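These notes concern the structure reproduced below.
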Amino acid sequence: MPKTADIRLPDPSRWKALAFIALAQLMVVLDATIVNIALPHAQTALDISDANKQWVITAYALAFGGLLLFGGRIADLWGRKRTFVVGLIGFALASALGGAAQNQAMLFGSRALQGVFGALLAPAALSLLAVMFTDAKERAKAFGIYGAIAGGGGAVGLILGGFLTQALNWRWTFFVNIPFAIVAAAGAYFVIREPAGGRNRASLDIPGVILSALGLVSLVYGFTRAESAGWSDGLTIGMFVASAVLLFSFVLTESKVKSPLLPLRVLLDRNRGGVYLSLGLAVIAMFGLFLFLTYYLQVVKGYSPIRTGFAFLPMIAGMITGSTQIGARLMTRVPARKLMGPGFLVAAVGMLLLTQLEIGSSYVGLILPAQLLLGLGMGTAFMPAMSLATHGVEPRDSGVASAMVNTSQQVGGAIGTALLNTIAASAATAYASSHAALGARNPELLKLQSMVHGFTGAIWWAVGILVVASAIAVTFINAGRPAAGPATGSSGSGETDGVEDEFKVPVVAH
């Protein structure tokens, strides 16, 4: 007769803790878009050249993307609560430095520091959810809320960034992070009770830290540089070659060292691998869409920054509905692939509608329904993806598994911005060249038509990327639906035997 496994009682403060974890996640996601709205004003105020303005974005992306795996490992080593609070305090101080910046070097430095502390904060937040919510139904609700914030927070950042920039000034897009961070840090300190026994106290894998950080920085910078200098630029190519060599060396190192930074058992599980890959591809499409729609609404349609932010509200509503009402409700009833695959396809249909964009396209007739479909699809897919990425992982690996989710999103965002923007620019140039006669009569009209043509050309690629993400989710992910009882990671050997069994079999010790 099998005896019942030793199941930890759930933390009575877990839902309060979720509120503070979600607030911190909202702050990080908001920051990704809120600064974009303020960038033109900051550039003028600090006399930043056009060539250097990209570093406001790039400095953050390089530090954040390059150090995420290290941040996840620190969370496993120090403890997730401590890492979470340190990340919040550091992010607040870096934001204060950015808001008070007197020159471009000070602003760039503050953005890099935000990236460093964000790399501590983001994986700690997700791994706290993974170890605090172990009941399948509660886990579904918690990750539904988290997924909605992760997916829709960027659009909220456009609204808040536009309001703060217009009503106050660009510096408040940095200062606004401070109250977010203080409330979240205080709440986390007093409310969060991290489960005991989940730390990984093995020595830090220094070669792995160096190789992964340099490899990811090279990859992110390569895509960022490609956007401005082109894909054939010597330094761009050099960054991609260096990234490939460094990341291959990293994988080789991780397979040999005693205490790897990224245990390959985390990465090579087919379910988690499918999540990381499909999520990264979906984010490529999403980031490109945010970029194109922002320019379309402001430049082509003449919307103000605040109005542009509000124009993204249907996507936020769709994401919240998809995450909390579809994904969370169905996650304990159907396998994850049957949510992720169709979810990405619904998003692809929404993206497909946007390939019909023209200068005079109706917001209500085209953009609004497209955003609703995109939001519903992404929200439905993101929710099980976030949960499955950390489900069945040993507690000692939850930080680095969470970091991989953020890494796939960050690298996907860098690739999406650079790849789709480059495709759009090439298509716009080709259109302008083939319609030179129109340019002689009405150069402004040709400029707008070329821009929209470039957007639709790149959006076709985004449609294809989402279809591929759907196919990967259906093909790679074979986990069954979660059991109704508590969900736990494997134990003992340190190897994961397969998430499918963990999802289907009741938790008993034989």
Side-chain angles (χ1 to χ4, degrees), residues 68-69 72 76 123 126-127 129-130 134 136 139-140 143 147 212 247-248 250-252 254-255 260-284 327 330-345 347 378 380-412 415 465-483 487-505 507:
L68 271 168
L69 286 177
D76 290 332
L126 186 56
S127 60
L129 285 188
T134 55
R139 184 182 177 91
F143 277 89
S212 67
L247 292 177
F248 177 78
F250 170 67
V251 172
L252 196 63
E254 299 308 275
S255 68
L261 174 68
L262 175 61
L264 296 185
R265 62 179 176 268
V266 172
L267 188 62
L268 297 180
D269 175 89
R270 65 179 292 166
N271 289 284
R272 281 190 288 277
V275 167
Y276 298 147
L277 189 55
S278 61
L279 199 59
L281 287 171
V283 171
I284 289 177
L330 294 181
M331 183 186 156
T332 56
R333 301 177 185 179
V334 300
R337 67 180 179 276
K338 293 186 178 179
L339 291 173
M340 292 180 64
F344 288 138
L345 283 182
M378 288 295 193
T380 301
F382 273 22
M383 191 266 137
M386 292 285 187
S387 180
L388 187 58
T390 54
H391 195 288
V393 175
E394 293 181 71
R396 63 179 180 146
D397 292 334
S398 65
V400 75
S402 302
M404 275 302 301
V405 178
N406 288 281
T407 300
S408 65
Q409 290 178 300
Q410 184 66 22
V411 172
I415 293 172
I465 290 170
L466 284 171
V467 171
V468 172
S470 175
I472 288 173
V474 172
T475 303
F476 279 74
I477 297 171
N478 64 355
R481 64 181 180 84
T488 64
S490 57
S491 61
S493 68
E495 295 294 324
T496 304
D497 295 327
V499 181
E500 183 166 8
D501 292 335
E502 292 167 4
F503 269 50
K504 287 182 176 177
V505 179
V507 184

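Remember, it's a predicted structure, so these values are computed and weren't measured experimentally.
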Under the rule for side-chain contact (heavy atoms from CB on, under 4.5 Å), what residues qualify as partners of I284, not counting sequence neighbours? L281, I415, I465
Quick one: side-chain contact (heavy atoms from CB on, under 4.5 Å) partners of A282, sequence neighbours excluded? F344, M378, F382, L466
Which value, rounded to the nearest 0.5 Å, describes the distance between [X] atom [atom1] and [Y] atom [atom2]?
| X | Y | atom1 | atom2 | result |
| --- | --- | --- | --- | --- |
| T380 | L345 | OG1 | CG | 12.0 Å |
| T475 | R270 | OG1 | CZ | 8.5 Å |
| R337 | N271 | CZ | CG | 9.0 Å |

Can you give me the closest heavy-atom contact between [X] and [Y], atom names plus distance?
| X | Y | answer |
| --- | --- | --- |
| S278 | M340 | OG-CE, 3.4 Å |
| L247 | S212 | CD2-O, 4.5 Å |
| G341 | V474 | CA-CG2, 3.8 Å |
| L252 | S255 | O-OG, 2.6 Å |
| A385 | V275 | O-CG1, 3.4 Å |
| G274 | I472 | O-CG2, 4.0 Å |

